[in-house]
Every structure is written in C-alpha cells, then in structure tokens.
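Proteins come first, then strands; the chains are lettered A, B, ... in the order of their sequence lines, and each starts at number 1. Here the structure is a predicted model, which means the values were calculated and not measured.
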Amino acid sequence: MSDSSADTGESSNFIRDIIDADLASGKVSTVVTRFPPEPNGYLHIGHAKSICLNFGIARDYNGYCNLRFDDTNPEKEEQEYIDSIRRDVEWLGFKWHSNPFASDYFDQLYDYAIGLIKQGKAYVDSQSADEIRANRGTLKTPGVDGPYRNRSIEENLQLFEAMKNDEFADGEHVLRAKIDMQSPNINMRDPVLYRIRHVTHHNTGDKWCIYPLYDFTHGLSDAIEGVTHSLCTLEFEDHRPLYDWILDNLETPSRPEQTEFARLQLEYSLTSKRKLNALVTEGHVSGWDDPRMLTISGMRRRGFTPESIANFCDMIGITKKYSTIEMGVLETALRDDLNTRAVRRMAVINPLKVVIENYPEDQEEVFSGANHPQNPDYGSREVPFAREIYIERDDFMEDAPRKFFRLSPGREVRLRFACYITCKEVVKNAAGEIESLICTYDPESRGGSSPDGRKVKGTIHWVSARHAVAATVNLYDRLFTVPNPGAAQDFHQALNPDSRIVMDNAMLEPSIELTDNPLAYQFERLGYFISDYDSTSEKPIFNRTMTLRDSWAKIEQSR
RNA sequence: UGGGCCGUCGCCAAGUGGUAAGGCACCAGGUUUUGAUCCUGGCAUUCGUUGGUUCGAAUCCAGCCGGCCCAGCCA
C-alpha cells in the first residue's frame, strides 16, 4: 500500500509517510480520516486543500473519510451552510462514508464528562469568565488555582447534573478539566470543557442548555468514529497535548492521532470567514458564489472544474511550512484542465465592424472549424460567413508597430478558418473614432491558405454580423490589487475596482449553446468562458473563467 | 531561557549521512490557421547562519539569526 501514492501520480508528503509507517507497523489496518467543518460559512479554496487531503488519502489507501459537522457552538451554525458544504464536497467529486454531526454525540460526550469528574479530573468552576481569565495567567506567567478547583467529586457530579438540568443561567458555571494551572502550554491550564448556553441548536433543538467545547469534543468524536488520522491545521499544534490528555484519560473505542499541516495561503485573496462575509454583506461582491470569490461555489460559477482544483492541490503539496502560493499556480492548474476539455468557438467581445467590399452582399457561405485543434474526437462545426463581420477592436491598429501581427491599413491577416483580408480603408465618425473598416478578401484563400503559399503571420477571430448572437460577457480579474490583502490594515483599500468588467455588446458564433449543465468553452484567442447561472437564450451571459496565456501582452508591457 | 512549530532557487516542493528530483514563474529556440497548446534547451558548487562530528553533512550535534502560532465560556 505504501506505493499507492505513486499509483495515482500524487506526490508523497509527510502525512502519507506517517500513514505508511502506521500501516507497516500494524498500528493501523484501515485508514480513516474526516473533514470536520463547522457549518458557519461557505467552503473556500483553503477547505479544498483539506478536503483533497482527507478524502484523497482515504481513497488512495482504500479507507474512508467522514464529513463531520463540528457543530458545538449553536450560536453560529445554520442549515444554509450545511447544505452548501454537502453540495461543495460532492461537486469536488468526493463521497463521504458517513455524514454525522458532532452534536449526534452529545449524550456520549456527557457521559465521558461524568467519567472525568468521577476520576477527579474535571470540576465545576463557578468563577466568572473574567475571573477565569485573570487566574489563567499570561503567556509568560503561570496561572493560579481558582477557589473551586478542589470541590469534591460528589459536589461536582451534582453541580454538573444541575447545569444539564437547566438550573443555572448562562455563565454561572463551567466544567473544566483539572490539569495544571502552571503549565507552560496555556491550553493545559484547566481548559473549559462545557459551558451553559440557552440557545436552540440546529440539530438538537432545546434538548441541551450545556454545550461541549471543541477541545473536548473533537478527539472524542474522532475516537467514536474510528478515525485513525485526524488531520488539522498548524494552529492546533498547541492543542495536541490536550487532545491526547482527553483520550488518555478516557476509555474510547479507538485511539486517533492528530497531525497538523500548514493551511493554504494564496496571493491576492482572502480566506478569513469574517472578511469573506464582509465582502458579501457590504455588497462588494454579489454573494458567496460571486465568480470572483475563491469560495467553492464562486469558483464553480466562475467555471473552475473539480479536476482543476484537485490539480492545484496536488501541485502545492502538504507540509508544515508557512507558505504563500502564487496565483500563477492556480491559473496554470485551471488552464491545463480547461485546455484539454474546452470546446473552441469564436466570439467577439468588443466588436469592430468590417465590410468586405468585394464579397457580394447577397452571398453567404459556411466554413468548417475544428472544435479542438489537438483532439479530432471533438469534431467540427460549421461557421457562417458573409459580407459584414465583426472583429475584435484590439485586433486593429491604425499605426501599428512592426511586431503587431494583426490588422492595420494595407496589411493582410487571416480570418480563422475562412480567408485572407486586407484593410483598405478606415471609416471614422465626426468625433474621429473608428467606426468600421473596409477590407477586401482574396477569393483564392478560402479555407485559410492560398495557392501561392504566401505567409500571413496573423490569424484573428471573427463573427459574421448577420449570424451573430448578442451576449453579455463578464470579464473577471483578481479581487485585490495587493498580494496579501489580509495583512492590510483595511482590506477595502486593496479592492480591485476593475475586478469585474461587463461587456454588454459581445457577439457570439451561433453554434454556442446554452445548457443547464454549462459546457466549458474556449473563445479562441480570448480565454475560457462558461455560461452564467443567470444566462437565458434571450440574453446569454458568459463569465470569463480565465484568460489564455498572452505573450503579446507581455511584449507590449515591456515596451 | 513562557510554550509549540518552521527555515532547500523569485513561489511551491522532493530529499531521512554518499555528493541538490519535480512543478510554477522566468529566459532562449522550434512547431503552429489561437502571439494558445505542444516540443527542446537554460535556470541552487549549494540547502537561514556559525561552529562541531565524519573519509563524506541539506541530512547528526551545539550556538546564533529570522518567521509563524497560543492568554475565547470560538473552531
């Protein structure tokens, strides 16, 4: 099994090394993992890293992975988030073994707490939150024992039951582990295990008025489920001694092991739930699924594929090192996948009319265009052609530099799949703006090559004016202008004002289809596009998923 | 001397005592009816730093430097 990572082409990492060793030593026979989100927000690209890790490991080692909702804080959790999380995990292509709530274990957890009390390892503390904080000490000074620390087991049992039986108000008491108030690790200074909260829980309703905290719940939930490898992010490293303490002091069905890895940080983006929420509620984006958001639902709407996200996760690896991934890595993972699957079409986003004066007004014909230049299995479609066409405004320059391969007065270009045209005249309006172009075509060049074999360096895309379908096209760019908006004093300052540009006069080739399950298209020379949810046949809307690599833009920039 | 963790190319990342994989980015060529794709070549005498051990060190030891996390009745 240790070479299973090689079988899937995935790179190994230190966690897979640990699993290989556990399997080899016989410590573990079936690998069980879990992805444990709190249902208090939408999943984002950072979660995708964890999902691919946990579900990927379960898949590669023939084990299984649970989707567990860590719902121990009833104040923040909602059904909307539960639904979206399930949808996103499924969309990413993963199947969970079971999908429990941590709250399903509240009864067992309560019994475990009693077990701790009976051993004299947990006690009810009646100090206020402020007093508890004060007695906890600081990072550099030890804490001190509180006045309730040595209550008898009997009294603790009575009090804890009374807490459960709704005999106290919020905050009157908490249950604490009795560990060591002088510990250098603050998490071990008698951590709170249960608090009183008179709040209706999305799953357990009003059954409980006491709720366990993460540290008490997590390891026990893992143990109940038979999780062998509990993978979490680096900030929980300090919690591992507590995770172990709980499991070492209680008899559980299994003994999971926690291992930490570095969370994802991506340039030009935010993954803080609080800040993502601010973007939504303040209206800087249209919602959690705005195509500019790196939420799973935003990326789906933008046109990312599950495969491209998995590719990305494979590319960045798993380590304990704090790192920031460049956007280029995500872009490459996306382009690689889209390049192989996207069907090619022509569309003009910013149209400039071209009249081919030597092409008869009442004539039209059809050219054949391959749906994919490298993959003949994709077949071809017919592309209608007539006297008036649209080309991209960017593909014409009145005073063009020598390295500009496109159209300019007197120069000849190839219309993709069609023929050669030469620009004869520029038509301007009163304001001096270019209104249209008058060109001639070479009838000998039908299909895109001429018998004399002359070289035409430039090939541009086009759409027949009479056959074109009008559409709106959303051009998306990164949401922030700085590599680390999360570090800015105010991330609002870093918002990119041009992150969305609406082109409402785009012209599409008529063979472009709108379906319920939208197809990834490449609009040739422009990028990858996908039909938006709001698209209708009367008013097609396309989102630009990603541009093509553009070495001409690079040359221009460096000039 | 609070505790924990981390430092290998611009960004990621293999490497587990035998003489620095790979990807992204970048540069230079080639193919091309997408300035796309694809292909070829280039890109760390050196692994935060200083010492030590060793025939041999990114890997072992010690010191130093730098970065991140922890004082919720959040997760």
Side-chain angles (χ1 to χ4, degrees), chain A residues 11-13 17 36-38 40 70-73 75-76 125 127-129 132-134 136-143 170-176 182-189 191-197 210-211 213-215 217-218 232-241 260 262 267 273 314-333 335-336 339-340 344 346 369-370 372-374 403-406 413-418 420 445 447-449 456-461 522-527 547-556:
Chain A
S11 59
S12 184
N13 59 53
D17 291 345
E38 182 185 14
N40 69 344
D70 249 345
D71 58 347
T72 53
N73 185 354
E75 286 163 349
K76 303 201 289 182
D125 194 341
Q127 297 180 93
S128 70
I132 288 176
R133 187 179 310 117
R136 184 156 36 224
T138 70
L139 293 179
K140 295 192 176 177
T141 62
D170 289 5
E172 268 191 72
H173 308 281
V174 292
L175 184 73
R176 289 232 255 172
Q182 277 81 249
S183 172
N185 180 348
I186 290 189
N187 292 295
M188 298 299 271
R189 315 234 265 234
V192 173
L193 268 21
Y194 269 87
R195 78 288 219 184
I196 302 172
R197 278 282 178 287
I210 58 171
Y211 292 96
L213 278 95
Y214 167 87
D215 283 311
T217 309
H218 203 88
C232 63
T233 46
L234 251 23
E235 63 269 30
F236 291 102
E237 273 176 324
D238 290 340
H239 295 244
R240 181 160 21 99
E260 311 84 10
E267 280 190 344
K273 254 175 207 171
D314 286 346
M315 287 170 80
I316 62 177
I318 300 288
T319 66
K320 291 176 83 82
K321 190 165 116 190
Y322 291 93
S323 58
T324 303
I325 309 296
E326 292 179 341
M327 253 312 175
V329 180
L330 216 211
E331 293 174 353
T332 295
R335 287 191 183 111
D336 279 356
N339 177 51
T340 61
R344 312 291 133 123
M346 293 197 286
H372 190 111
Q374 278 83 35
K403 292 190 82 176
F404 185 79
F405 302 151
R406 286 111 95 149
V413 294
R414 172 168 35 236
L415 296 178
R416 170 135 249 230
F417 304 127
Y420 298 168
S445 68
S449 59
V456 174
K457 183 73 179 166
T459 300
I460 64 174
H461 59 279
Q522 185 196 98
F523 292 169
E524 295 212 29
R525 302 208 307 132
L526 295 175
T547 59
L548 261 27
R549 224 176 239 109
D550 189 351
S551 51
W552 166 244
K554 239 185 262 171
I555 292 167
E556 269 192 317

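- Using cut-offs of 30° and 60° on the angle between ring planes, the pair A:His218 and A:Tyr214 is tilted.
- For B:rG72, the base is syn relative to its sugar; the glycosidic angle is within 90° of 0.
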With sugar-phosphate taken as primed atoms, P, OP1 and OP2 and all else as base, the protein-contact string of nucleotides 69-75 of chain B at under 4.0 Å (heavy atoms; B, S, -) is BBBSBBB
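- Between A:Lys140 and A:Arg406, the residue anchored nearer the 5' end of RNA chain B, judged by the nucleotide with its closest heavy atom, is A:Lys140.
- Straight-line distance from the CD atom of A:Glu524 to the C1' atom of B:rG35: 13 Å, rounded to whole Å.
- Applying the side-chain contact (heavy atoms from CB on, under 4.5 Å) test to A:Lys273 and every residue at least two apart in sequence or in another chain returns A:Asn40, A:His47.
- Judged as a side-chain contact (heavy atoms from CB on, under 4.5 Å), and not counting sequence neighbours, the contacts of A:Ser449 are A:Tyr420.
- For A:Val174, the side-chain contact (heavy atoms from CB on, under 4.5 Å) criterion is met by A:Asp125, A:Ile132, A:Arg176, A:Val192, A:Arg195, not counting sequence neighbours.
- Pair assignment for B:rU46 gives none, since no Watson-Crick or G-U wobble pairing has each distance under 3.5 Å.
- Not a single side chain to side chain donor-acceptor pair (under 3.5 Å) links A:Gln182 to another residue, sequence neighbours left out.
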Shorter than 3.5 Å, N or O on both sides, protein versus nucleotides 21-27 of chain B: list them out with atom names.
residue : atom : partner  : partner atom : Å
B:rC24  : O3'  : A:Thr332 : OG1          : 2.9
B:rA25  : OP1  : A:Thr332 : OG1          : 3.1
B:rA25  : OP1  : A:Arg549 : NH2          : 2.7
B:rC26  : OP1  : A:Lys554 : NZ           : 2.8

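- Residue A:Lys457 places none of its side-chain N or O atoms closer than 4.0 Å to OP1 or OP2 of B:rG35.
- Nucleotide B:rU54 forms no Watson-Crick or G-U wobble pair with any nucleotide shown, as no partner meets the under 3.5 Å limit on both distances.
- Atom CD1 in A:Ile325 sits roughly 11 Å away from atom P in B:rC11 (whole-Å rounding).
- Taking CD1 from A:Ile325 and CG from A:Leu330, the interatomic distance works out to 9.5 Å, rounded to the nearest 0.5 Å.
- With the nearest nucleotide of RNA chain B identified for both A:Asp17 and A:Asn339, A:Asp17 has the one nearer the 5' end.
- With sequence neighbours excluded, the residues that form a side chain to side chain donor-acceptor pair (under 3.5 Å) with A:Asp170 are A:His198.
- The side chain of A:Lys321 contributes an N or O atom lying less than 4.0 Å from OP1 or OP2 of B:rU8.
- Qualifying side chain to side chain donor-acceptor pair (under 3.5 Å) partners for A:Glu524, counting only residues two or more places apart in sequence or in other chains: A:Arg416.
- Straight-line distance between the P atoms of B:rC47 and B:rG51: roughly 12 Å, to the nearest whole Å.
- B:rG7 is paired with B:rC65 under the Watson-Crick or G-U wobble criterion, all donor-acceptor distances under 3.5 Å.
- Checked against side chain to side chain donor-acceptor pair (under 3.5 Å), A:Asp238 has no partners two or more places apart in sequence or in another chain.
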